[in-house]
Amino acid sequence: MFNITHISFWIVFAALLFFTRKQRILWPLLALALLLLFNDIFTPGFFNLELREGHLYGTLIDILKHGGIVMLVSLGMTLVIATGGVDLSVGAVMAVAGAVLAQAAINHQSPFVAMIFALLVSLVLGAWNGLLVAGIGIQPIVATLILMVAGRGVAQLITEGQILNFTDATLVYIANGYLLGMPFTCTLVLVLLAVTYALTRGTALGLFIESVGDNDIASRYAGVNSRFVKFIAYVFAGFCAGLAGLVAASNIKSADANHAGLYAELDAILAVVIGGTALTGGRFYLLGSIVGALLIQTLTTTMYARNVSADIAPVPKALVVIAVCLLQSDKARRYFTRLFPRRNPPAAMTETLTAAAPKVEAGS
Amino acid sequence: MSDSLLEVRGLSKSFPGVRALQGVDFTVRRGEIHALMGENGAGKSTLIKVMTGVYERDAGTTRLDAKEIFPRSPREAEACGISTVYQEVNLIPHLSVAENICLGRQPTAFGKIRWGAIMQRATQALARLDLDIDPSRQLSACSIAIQQMVALARAMDVSAKLLILDEPTSSLDERECEELFKVIRKLRDEGMGIVFVTHFMDQVYAVTNRITVLRNGQLVGEYLTSELPRLELVARMIGKDAKEVAAMESQQPGMRSVRDEKPFLEVRNFGRKGSIAPLDLSIRPGEVVGLAGLLGSGRTETARIIFGVDKPDCGEMFLDGERVSISSPRAAIRRRIAFTAEDRKIDGIIPNLSIRENIVLALQASRGTWSKLSRAKQDELADKFIKALRIKTPGPEQLIKNLSGGNQQKVLLGRWLATEPRLIILDEPTRGIDVGAKAEIEKLITDLRRDGLAILFISSELEEVVRTSQRVVILRDRKKVGELAGDAISEHAIMNQIAAPTAESKAVVDV
Amino acid sequence: MKKLILLSSALVVALSGCGKKETSTSEPSGGGGKSVSVGFSQIGAESAWRTANSQSIKDEAQKRGIKLVFSDAQQKQENQIKALRSFIAQNVDVIAFSPVVETGWEPVLQEIKQAGIPVILTDRAVDVSDPSLYATFIGSDFVEEGRRAAQWLADKTGGKAQIAELVGTPGSAPALDRKKGFEEVLAKYPDMKIIKSQSGDFTRAKGKEVMESFLKAPDAKQITALFAHNDDMALGAIQAMEEAGVKPGSEITIVSIDGVKAAFEAMTAGKLNCTVECNPLIGPQLFDSIDAVLAKKDLPRRIVVQEGVFDQSKAAAELPNRKY
Amino acid sequence: MNRINPKYIPLAATALVMIALYVLGCVLYPNFTSPRVIVNLFGDNAFLGIAAVGATFVILSGGIDLSVGAVIAFIGIFIASMIASGMQPLVAIVLALVVGTVFGAVQGSLIRVFDLPPFLVTLGGMFFMRGMAFVVRQESLAIKHSFYQQTIRQLVIPLAPRVNIPFTAMCLIAVVVVATYVCVYTRFGRNVYAIGSSENSALLMGVPVGGTKIGIYALAGFFSALAGCVSTFYMQSGNPASFVGLELDAIAAVVVGGTLLTGGVGFVPGTLMGVLILGLIQTLITFQGNLNTWWTRIAIGVLLLLFIVLQKAIAGRGRA
């Protein structure tokens with residue numbers, strides 16, 4: 001149990017916790033650490049890592065690999081939620097993207113053409129959501145509900161009700177390949193994270209998204225093109241979902257319109273919220289969402305590893321949802337601090353306390 | 001008159017980090033209208049919210065009719081006999097007028113609501129206020145003034161002993177105010193105790209019998225209205241010597257002259273149905289044009305169509321003599337027009353972003369999404385405006401929601417100045433901020449004017465308009481009724497125009 | 001108001017368009033006399049097996065000129081019950097369906113009985129107290145499939161195996177029965193043991209994910225055989241093994257059930273050892289029984305679909321025959 | 001035309017679409033006119049209808065409840081296994097209703113007391129109930145008790161030869177009548193509208209917002225539990241894996257029924273019509289007999305879009 005990789009892992013993690021102790025990401029990281037620690041002690045073999053066939057192999061790698069789908073989706077979802085919206089259709093978009101990919105591959109398109117085709121379709125679906133929300137001004141939950149309901153039907157029509165299998169090596173590589181000993185999905189997530197970071201922080205888009213999500217009207221008065229900002233967020237979410245759809249299809253070398261991306265929207269929303277982005281919009285935390293997705297996947301993988309029936313897995317998930325909600329709620333935190341007074345409340349907490357003060361007199 | 005109805009003794013209430021009320025005493029007698037006065041942050045709102053059960057008190061007692069009460073919700077307060085009408089109409093827009101009057105206390109028989117009885121009661125309540133409204137009408141279809149009257153009717157519907165009016169007049173015109181006063185005088189004569197909160201000094205002297213002044217959460221004193229001169233009242237509210245105030249009031253810039261330049265902005269026959277009747281207006285560089293009029297007279301509406309928030313449906317607009325049409329705030333900003341909106345909280349600040357981000361937002365928006373201001377440039381801008389506008393903050397990364405109202409307003413000014421505008425529209429820039437900050441902002445306006453900016457200045461406070469403007473445009477009932485320039489500007493002259501009978505106002509002389 | 005009229009007329013046009021399509025695709029070919037109509041409620045389109053099953057039924061109906069009202073329940077029992085009741089309203093001559101789960105059919109079957117419509121079950125059985133509620137049940141014997149899989153494995157390994165099991169959707173008839181049959185045979189071989197068992201939900205993705213976690217357990221090295229309740233899960237598991245550097249088909253012997261085309265391909269590639277056929281092509285048998293029911297002939301309570309066991313030796317020869 | 005209150009327009013549209021769909025069915029398929037079709041519409045959609053009525057209250061108050069489908073599945077398997085272990089059916093049903101109501105109240109309290117977004121709380125509730133259903137039992141379970149197999153089955157009203165109005169349909173109609181009454185004739189009902197329209201105003205007007213909110217979610221929990229009971233009457237079994245995604249159908253029915261998703265405006269009978277419209281689409285596609293059922297999803301999606309755009313248009317006009 002106490003080998004070198006092991007100890008170094010915990011040292012790195014502890015350092016991570018230390019350096020993020022004043023940031024929002026501390027909470028999901030801490031939860032992840034607790035869950036991993038639990039597994040370290042009680043689940044034998046959970047931390048085993050070895051080199052097989054030139055790549056790393058172990059449960060931890062599995063978490064990274066399978067968490068990839070939720071991570072990809074949650075990046076787009078983060079931006080949408082930051083604008084104060086939500087995208088319920090990402091699961092359906094995944095199914096459609098997978099279906100388009102498989103159908104194109106079966107019709108002997110080159111793998112790259114197939115991928116571009118699938119991504120284009122998901123961009124279009126994202127644009128459709130964006131149009132409904134930003135263009136017509138429909139409430140996001142409802143606007144994306146439409147595609148959530150109809151999208152899977154569309155995917156089913158594309159596959160004609162079949163599970164479409166493909167064997168193209170390039171397409172299979174997306175979810176099953178390894179780069180530098182790590183699953184290729186990790187590279188994909190890192191690239192998308194970098195792209196998202198560049199897109200939001202390298203340009204003013206991030207500032208605009210946060211300002212629109214925090215106060216839409218004021219942003220518009222300040223000259224921010226809030227419709228465009230929202231539109232972009234939904235298009236980007238569509239793109240991320242499409243990419244996740246490719247990974248999901250590649251993972252099983254086939255397009256399964258029924259099951260691909262089922263509940264992906266809920267997992268992604270959960271990951272984003274765990275990551276510290278508020279469901280009401282405003283400040284967003286891309287890395288937080290990634291950690292949130294990791295936490296969810298670790299939870300699922302823990303179930304498998306501990307031989308807990310997959311059916312009752314939703315119960316611990318539910319408890320995590322509620323716990324995260326409570327952690328984020330100012331009110332709950334106040335109750336909590338009243339119960340356990342301490343000297344140095346974490347930064348996030350003092351922030352909310354001082355924030356509460358001026359609000360009081362605001363009405364006068 | 002010593003027949004006290006409500007007795008509040010030693011009331012304290014604190015919020016994390018703030019002591020909003022400290023041992024305040026407050027007495028209302030039967031059959032009087034009692035003004036509760038104080039600057040923003042004095043604790044008026046908190047006191048009212050404690051009395052109406054919205055907040056729980058930390059210490060102190062409240063007695064109504066010599067009986068100790070402890071309301072924990074507006075509902076309980078109502079049950080005790082305390083009714084409230086709030087500044088913003090707090091009614092349910094989707095329900096009918098009748099239901100709004102009776103909501104929460106609908107007459108029932110065995111748990112079943114008797115709709116007939118509701119209509120009847122609503123009709124009676126409206127009749128008591130001499131209001132002729134169809135009670136089955138949906139509330140959202142009524143004007144704001146009518147809604148405020150419905151709110152009053154609602155407050156009267158219970159057998160209230162004490163009626164609290166929390167700035168009920170801010171959205172009413174003069175005639176409507178008079179209607180309201182008629183009603184509350186009648187209620188007073190019926191023996192009710194009325195607490196009246198307002199910041200319109202005239203109204204205080206018009207209807208109230210007694211004044212209680214609060215400052216910084218503490219009681220300053222209780223006075224008979226007839227025995228407290230206006231100047232004294234202001235002095236007590238702001239905690240300064242009366243002479244000082246007099247000196248402040250007399251501070252005239254004495255700079256009514258304007259460089260003889262071509263106007264930067266000129267609109268002709270510019271208007272929008274339902275917001276503002278077609279008007280002409282021009283502003284020169286280096287000139288402050290005041291827009292005076294009561295709330296709801298069309299001041300904000302004028303600003304909104306100039307800034308492109310609402311689309312005009314007639315008229316023309318010229319910038320530097322060139323005809324333009326502005327269809328959105330973004331288009332206005334591109335033309336170097338800036339606008340600080342009236343409601344800072346809703347239309348101005350981005351509460352959870354830092355001061356730096358709030359300052360660069362408009363400039364960044366005008367540059368577009370793809371050419372981001374470098375962080376160094378952002379810091380430079382933030383530092384510059386924090387210094388120049390003397391924003392009190394630990395640093396540029398502080399969240400704007402943690403600042404006081406006045407400092408928030410300065411940040412918003414900074415946001416617009418960063419875009420280097422040529423015209424800036426200030427809609428009530430001094431609303432809800434303390435006297436010190438007010439003076440600073442007034443001075444800023446004067447400085448900006450000297451730098452050659454064209455400024456459209458909207459304020460409810462006439463003294464402020466008189467002090468800062470070179471020209472004043474007067475609006476009434478969503479119409480331009482007059483314009484004053486240079487030495488003709490005085491509070492008296494403006495008031496005359498605002499109060500002038502309607503027949504005269506038709507003969508408006510264009511300048 | 002105009003918008004409303006537009007809206008509703010658009011809907012009418014859209015749906016009547018569908019209606020027209022219907023008349024063209026399912027026109028009864030003149031077989032003389034009154035044409036027979038059959039209502040068939042399918043579980044869904046969740047797997048290759050299922051679509052082959054549906055296609056076989058549709059093809060056979062067309063061949064025989066029978067009007068088939070086909071309804072897909074999207075895995076939901078409530079949808080299936082709705083479809084069955086709508087078949088009654090449509091006055092079909094025979095109702096056939098593949099139940100999603102075993103329970104919960106009593107009320108609707110009673111109603112069908114009252115309406116005097118004979119019922120034929122396909123693929124999966126139902127749990128009812130009154131056996132007269134259906135005429136016959138055509139389907140594979142899932143228990144037998146489990147037995148065959150176990151027997152093949154016992155023969156292949158000489159009665160010695162540490163088995164990992166990928167179970168189907170919990171509570172579904174095939175999952176329960178296949179497990180039952182498999183364990184029945186296993187009882188005879190003391191050296192064959194199931195050491196790991198988890199649900200893979202009959203899907204490839206889950207099968208893969210569960211197999212991965214099996215392979216990571218400390219006792220993973222002991223696994224010598226895999227029994228998957230269907231081919232899709234086995235195919236997923238094969239991927240997991242390849243990634244783990246375990247050779248499927250040699251280091252771990254794999255037996256699964258269904259016999260879909262992809263399984264045969266895997267067998268020819270040497271990655272899968274054996275698949276016990278579960279034949280979806282029940283169309284001909286189904287319509288034979290329908291004819292018999294309509295002719296008031298007696299039917300056996302249980303009609304077992306003809307199916308075989310295929311291992312690698314037979315795979316290459318059989319592969320070209322596989323259409324699904 | 002001008003005298004019609006704009007808030008009734010979506011309701012009229014719903015009624016129109018419903019009638020149009022029915023007439024369309026009758027024109028296309030001769031058997032569609034059978035009274036059985038109408039009886040089936042009510043009977044088959046009873047549990048969806050009851051759950052949708054619960055969702056109507058939640059949506060009227062400006063919230064959302066995603067736990068509906070999972071609660072129904074849980075209650076179904078709960079009742080089935082209670083009866084299997086020897087409990088009297090009526091006792092089991094009452095117990096189930098209590099469990100559902102308490103669960104709803106807990107969700108409501110979390111939303112109310114800690115100011116949590118309903119979306120997340122009920123999402124957690126959905127996960128929780130779905131998992132608990134499997135904890136109770138992993139497989140479906142038939143209910144074999146004379147109360148179910150005889151009493152309930154005989155509780156029918158004959159309508160035409162061999163066509164009976166089933167007990168489930170009666171439950172649905174009773175629920176709609178009672179819920180409509182609650183909405184229109186009780187203070188609780190009016191408070192729901194008030195909170196949905198403006199929570200802050202409602203609070204200041206003395207509406208007991210906290211209690212009402214908890215009550216709304218408790219009521220929704222009760223209706224979901226009732227829908228679960230009705231589902232056991234309907235299928236005489238419980239299945240922990242059933243009714244996945246039913247909450248979306250319920251929300252869709254509510255929206256199609258003319259209730260504003262932002263709260264404050266809506267009608268229970270509209271929800272019933274919404275449920276019937278969804279049922280009619282499904283019936284039409286079954287009658288058609290050859291169309292991929294996935295067209296159902298697409299058709300519902302298109303219908304949702306049309307109704308939402310319609311609501312938007314009306315709201316936009318109302319403001320101007």
Side-chain angles (χ1 to χ4, degrees), chain C residues 1 3-5 7-12 14-16 18-19 21-22 25-26 37 39 41 44-45 58 67-79 81-83 85-91 100-108 110-111 114-116 127-129 169-172 176, chain D residues 1 9 12-13 16-17 20-21 24 27-29 31-32 34 36-37 40 43-45 47-48 134 138-142 144 149 153 162 166 231 233-244 246 279 282-296 299 302-303 306 310 313:
Chain C
M1 223 21 172
K3 248 181 217 155
L4 278 184
I5 294 161
L7 184 158
S8 42
S9 53
L11 258 166
V12 170
L15 270 158
S16 52
C18 306
K21 202 167 113 205
E22 174 250 347
T25 48
S26 66
S37 66
S41 164
K58 283 181 184 168
K67 180 177 189 281
L68 178 72
V69 183
F70 186 88
S71 164
D72 168 347
Q74 301 164 32
Q75 334 291 326
K76 287 185 186 164
Q77 186 178 20
E78 57 270 28
N79 284 349
I81 297 178
K82 279 182 202 171
R85 299 185 65 169
S86 143
F87 292 156
I88 307 176
Q90 292 181 61
N91 262 325
V100 178
V101 290
E102 289 193 342
T103 57
W105 302 101
E106 196 122 15
V108 67
Q110 292 277 4
E111 213 174 313
Q114 276 169 20
D127 170 15
V128 286
S129 42
T169 307
S172 67
L176 294 174
Chain D
M1 199 67 200
I9 293 178
L16 235 121
V17 169
L21 283 174
L24 177 71
V27 170
L28 291 178
Y29 311 105
N31 288 324
F32 213 87
S34 151
R36 199 183 274 277
V37 169
N40 282 355
D44 290 339
N45 295 300
F47 51 86
L48 173 62
F134 279 98
Q138 303 251 347
E139 296 136 27
S140 70
L141 179 64
K144 295 194 168 139
Q149 291 180 318
R153 203 175 289 165
R162 291 196 301 175
S231 83
F233 301 155
Y234 183 64
M235 310 206 277
Q236 302 201 349
S237 71
N239 180 1
S242 57
F243 306 114
V244 172
L246 184 110
Q282 220 174 353
T283 313
L284 273 170
I285 285 172
T286 316
F287 265 74
Q288 198 279 335
N290 219 339
L291 216 53
N292 189 325
T293 20
W294 286 96
W295 280 106
T296 318
V302 170
L303 212 59
L306 289 176
L310 178 75

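Below, chain A is the first sequence line, B the second, and so on; all start at residue 1.
With a threshold of 4.5 angstrom between heavy atoms, C/Val108 does not approach chain D through any atom at all. Contacts of C/Gln110 with chain D are made by side-chain atoms alone, with heavy-atom separations under 4.5 Å and no backbone atom involved. Only the side chain of C/Lys76 comes within less than 4.5 Å of a heavy atom of chain D; its backbone N, CA, C and O stay farther away. Within the 4.5 angstrom heavy-atom criterion, atoms from both the backbone and the side chain of C/Ile88 approach chain D.
Under a 3.5 Å cut-off, the side chain of D/Thr283 and the backbone N or O of D/Gly279 do form a donor-acceptor pair. In this structure a side-chain-to-backbone donor-acceptor pair under 3.5 Å is present from C/Gln77 to C/Thr103.
Looking at heavy atoms from C-beta onward, D/Pro166 lies in side-chain contact with C/Arg85 at the 4.5 angstrom threshold.
Contact count against chain C (heavy-atom pairs under 4.5 Å) is highest for D/Arg36 among D/Lys144, D/Arg36, D/Gln236. Here C/Pro107 is the residue among C/Ser86, C/Pro107, C/Ser129, C/Ser41 with the most heavy-atom pairs under 4.5 Å with chain D.
Qualifying ring pair (Phe, Tyr, Trp, His ring centres under 6.0 Å) partners for D/Phe243, counting only residues two or more places apart in sequence or in other chains: D/Phe47.
D/Gln282 and D/Thr286 form no side-chain donor-acceptor contact under 3.5 Å, judged by distance and modelled atom types alone.
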